[in-house]
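Quick one: the structure is below, and I'll ask about it shortly.
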Amino acid sequence: MNEVRGWLLDLYAGEEQGLVLWIITESGERKRFLHDFPITFYAAGPPDLLRQAWRFLQNDPIQKTLSGSEQLDLFSGPQKVLAVSVTNPAEQPRCFHDLWRRFPALIYYNTDIPLTVRYAAALDLFPLARCRLIADEADHVQAIEALDSPWDLNPQLPPLRILRIEPNVDPQHDSPRFVTIHGARGPMRIPIEPWRGLMLTIRANINRYDPDLILTRWGDTWLFPRLMVFCKQQGITYFNPNRDSHKRPLQRKENSYFTYGQIVYRGSQFHLYGRWHIDQQNAVMVGDYGLPGVLEQARVTGLPVQEVARKSPGAGVTAMQMQMALRRGILVPHTKQQAEEFKTLSELIHADRGGLVYQPLIGLHRHVAEIDFISMYPSLMVHYNVSPETVGQGGDLDSIIPELDRPIDQSREGVVPATLRPLIAKRLALKQQMADMDPRDCRYQPLKARAAGLKWLLVVCFGYLGYKNARFGRIEAHEAVTACSRDVLLTSKETAEEAGYQVLHMYVDALWVKRQSSQAADKPVTEAEVRQLLDTIAERTGLPIALEGIYRWVAFLPSCLDDRIPVPNRYFGIFADGTIKTRGIELNRGDTPPFIAAAQREALQILAALPEDRPPADALPEIISHLRGVIAALRGGQLSPETLLITHRVSRLPDEFRAASPAARALRQLAVHGYERRPGQRVQFIYTRGNPGVYAWDLPEVFNPAAVDIARYSDLLIRAAHTILQLFGIEKEKLRTLLLSRTIQLQLPLTRTS
DNA sequence: TCCTCACGGGG
DNA sequence: GTGTACGTGAGGA
């Protein structure tokens, strides 16, 4: 018998039996173990049908044990079920599938739970867990235990060996000539032709360095698929980037799927066994929270590292809820795998009609404090115990939320709040550590990435609650949360008003307040005063709340179509420290050409640079002169084509467009030259004069700068400038003259705002 | 004026 | 094989 201490690196079903575990030992070895781990799933239904199913399974050659038992359904309580325990995890999917095909009328549970999630629920062992195991001479695990927990704030992680491989250019648009390999030693450049040489070099590097993680760019969509195709053509069987030579890498096809109200493109995937492969170009969220965030998510969700790197956080939330259900002995219903997330982006961008939206007072306001609830929806779910199985259960009707016409059972913590509680606590604790640290400290960035990884799990969980296809979703629970949120915001408004503040605006989880005009409205409100208000609100609502900041001034914008109507989410302002915050204006949009976003930002920076005691309108001459400079550069052809690029994410194939929008015309241009864009991918173009009015970026022919549609870009610039300058009473047409006239007008017709 | 299409957060 | 918010704004017919 051997005792081994180390970290759990990888876990999957073995080909012949049990689970395969890869452990990075404390002494630095990478060791493969086998662990017997039967997988149980359940079927419920009429007794005679269950008896037929039992007989069917007895005649099926897959090794398993059958038993009758009683398990808890989240909604309908105890159920008599047939338990099917498949000895070899690799055979469980097929066993279930055969049964399901033969008995589609039965209700199935625990059929599609990821292996790592089952393992975490059964043994507290999650990806990257530190563990101690005892194995026999054949490396079969006899006993294993965790030495740390997903909720440890600063766990000790294994030292990972990382091999980086990336081509010199984007293979989608160009033909790479070499790849750079960065491993044990410094970078080396390997020519792509001949592929045989490239394959041998990569193989040699993998063998020599034995990396735990191969970090690539376009490894999913280009490098590995191409290498495999090459090897197949040449009849080469010895190239295997896995650490586990018993298995071939797992390839998944590219797809476009609908989620959060838009089409997302996900390239093909190339997963390894015994080590990880992450393609930074295909791991959508990696840019947001980086490798530390991915590892953090793997630890808390129990999903494999390679999966969390490529999936959206919705999959992580589902995994956490499944794990919680397994731990509590609650059945996880089988649903055919649909879109992985809630269908709307609403909770993400605060546009949910369920959340309270207030009409702001249009115009510029001085000395305004913005107060935000922290992770408001998750906090509400925990605070009010909102869960699919608690809403509408027990308790009396006039319970906690006046607006809510149904009770929420408070006798036991629900599955969803129980899942969220440690997540919220951990994120807050990490943020607390960050607050006590110098941002230049090398430990700061990883903390931030981990906190961001957790934040995303919290953000999507609310959407899941209302998603009818989610395992633990129920629309009533979703409504309960939004009802609670409105109640909380209204309570906050009352509290603020009682404390002598005027509430200028409220938006889902934030409110903007200033002193009542009777109370020396122009005297800056102090942080200490607002903190007092915060404490009162936190006390009355029971929710965590934070001061986003105190604005020198903030401007709420009217609708572009009717300047008397305010829109709730278009505003900008300058905080006391000079920081700019903007929402919903041109520079926030991904489809604004970079030079326009930059010009708008510059205008705001000029405003921010103004001494505090001067009125904002004093910045006008400098802003106008700056914008005139931008127009001059545009006319003079001094702007690089890249800064003129408009980026759109297209929702359909070129011939599926009903309207010849600029993006559609750019797509067609690309198609003519044999360049393909799948729905969900980006297309970039420049407005040009004449037909077709666009130049699609990435076209092989050279871009002619003389073709740029200067009038059109001027219009876009004027529009963006007007968004800011309308506050100073400058009409769009006046602005056009100010910016476009060839002679400089010395007198600026300015209306001062009070 | 109507229709189509795309965007949106936070740190 | 997946499902289509909602409000706003832009561009084209």
Side-chain angles (χ1 to χ4, degrees), chain A residues 253 255-264 266 287-290 293 313-314 335-355 357 372 374-375 427 430-431 434-435 439 444-445 447-456 458-460 463 466-469 478 507-510 546 548-549 557-562 565-570 579 581-592 646-652 656-667 679-680 682-683 685 687 691-694 709 712 715-716 719-720 722-723:
Chain A
K253 288 201 186 81
N255 66 340
S256 295
Y257 58 95
F258 194 90
T259 180
Y260 285 116
Q262 65 173 341
I263 303 261
V264 176
R266 192 62 46 101
D288 278 312
Y289 36 72
T335 52
K336 60 180 177 193
Q337 199 178 339
Q338 304 203 346
E340 283 144 8
E341 289 126 285
F342 179 55
K343 55 185 177 259
T344 80
L345 186 63
S346 53
E347 71 287 348
L348 209 62
I349 54 139
H350 294 187
D352 190 75
R353 69 192 144 145
V357 175
D372 293 357
I374 306 167
S375 294
R427 174 164 179 257
L430 289 179
K431 287 186 79 90
M434 285 161 63
Y444 185 86
Q445 280 304 323
L447 275 181
K448 196 176 150 186
R450 290 170 59 207
L454 297 178
K455 189 194 83 177
W456 275 102
L458 290 170
V459 164
V460 298
Y467 181 30
K468 62 181 185 307
N469 291 320
H478 191 267
Y507 193 72
V508 184
D509 63 355
E548 169 78 356
L557 299 180
S559 157
C560 290
L561 299 175
D562 184 340
I565 298 177
V567 292
N569 207 19
R570 271 166 68 83
T579 319
K581 178 169 179 176
T582 68
R583 284 294 171 272
I585 67 174
E586 284 77 2
L587 72 83
N588 294 98
R589 294 178 63 104
D591 57 353
T592 302
I646 290 158
T647 307
H648 275 190
R649 192 179 294 278
V650 291
S651 58
R652 57 203 78 204
E656 290 170 350
F657 279 88
R658 280 162 295 182
S661 68
R665 298 194 309 262
L667 269 191
R682 300 182 325 164
V683 62
F685 55 88
Y687 284 130
N691 271 326
V694 293
D709 190 342
R712 184 157 204 166
D715 269 351
L716 292 176
R719 196 186 293 151
H722 183 247
T723 298

Checklist entry - Side chain of A:R589: nearest nucleotide among B:dC7, B:dC5, C:dG12? => result B:dC7

Checklist entry - What is the distance from OH of A:Y507 to P of B:dG10, rounded to the nearest Å? => result 9 Å

Checklist entry - Any donor and acceptor pair, going by atom type alone, linking the side chain of A:D709 with main-chain N or O of A:G693 inside 3.5 Å? => result no

Checklist outcome for this item: The nucleotide from C:dT8, B:dG10, B:dT4 with an atom nearest the side chain of A:A659 is B:dT4

Item to check | Rounded C1' spacing from B:dT4 to C:dT4 in Å | outcome: 15 Å

Checklist entry - Mind checking the C1' distance from B:dG8 to C:dT2? Whole angstroms is fine. => result 23 Å

Checklist entry - Under 3.5 Å, side chain of A:R649 to main-chain N/O of A:G680, donor-acceptor pair present? => result yes

Checklist entry - What does A:I646 touch in the nucleic acid at a heavy-atom separation under 4.0 angstrom: a base, only the sugar-phosphate, or nothing? => result nothing

Checklist entry - For A:R719 and C:dG11, is the shortest distance between a side-chain N/O and OP1 or OP2 below 4.0 Å? => result yes

Checklist entry - Is it true that a side-chain atom of A:T592 and a backbone atom of A:E586 form a donor plus acceptor pair closer than 3.5 Å? => result yes

Checklist entry - A:R682 near the nucleic acid: base, sugar-phosphate alone, or nothing, with a heavy-atom cut-off under 4.0 Å? => result nothing

Next on the checklist: I need the CG-P distance between A:L716 and B:dA6, as an integer number of Å.
Outcome noted: 17 Å

Checklist entry - What integer distance in Å separates A:L587:CG from B:dC7:P? => result 16 Å

Checklist entry - Can you check whether A:R583 has a side-chain N or O nearer than 4.0 Å to OP1 or OP2 of B:dG10? => result yes

Checklist outcome for this item: Quick note, A:D591 side chain, CB onward, closest among B:dC5, C:dG11, B:dC7 is B:dC7

Checklist entry - Closest to the A:R570 side chain: C:dG9, B:dC7, C:dG11? => result C:dG9

Item to check | Any donor-acceptor N/O pair, A:R583 side chain to A:N569 backbone, under 3.5 Å | outcome: no

Checklist entry - Any donor-acceptor pair under 3.5 Å linking the side chain of A:R665 with the backbone of A:A660? => result yes

Checklist entry - Any side-chain N or O of A:R665 under 4.0 Å from OP1/OP2 of C:dG12? => result yes

Item to check | Selected nucleotide, minimal atom distance to A:K448 side chain, candidates B:dG11, C:dG9, B:dT4 | outcome: B:dG11

Item to check | Presence of A:S651 side-chain N/O under 4.0 Å of B:dA6 phosphate oxygens OP1/OP2 | outcome: yes

Item to check | Proximal nucleotide (of C:dG11, B:dC5, B:dG10) relative to the A:K455 side chain | outcome: B:dG10

Next on the checklist: Measure CG/A:N588 against P/C:dT8 and give the value in whole Å, please.
Outcome noted: 16 Å

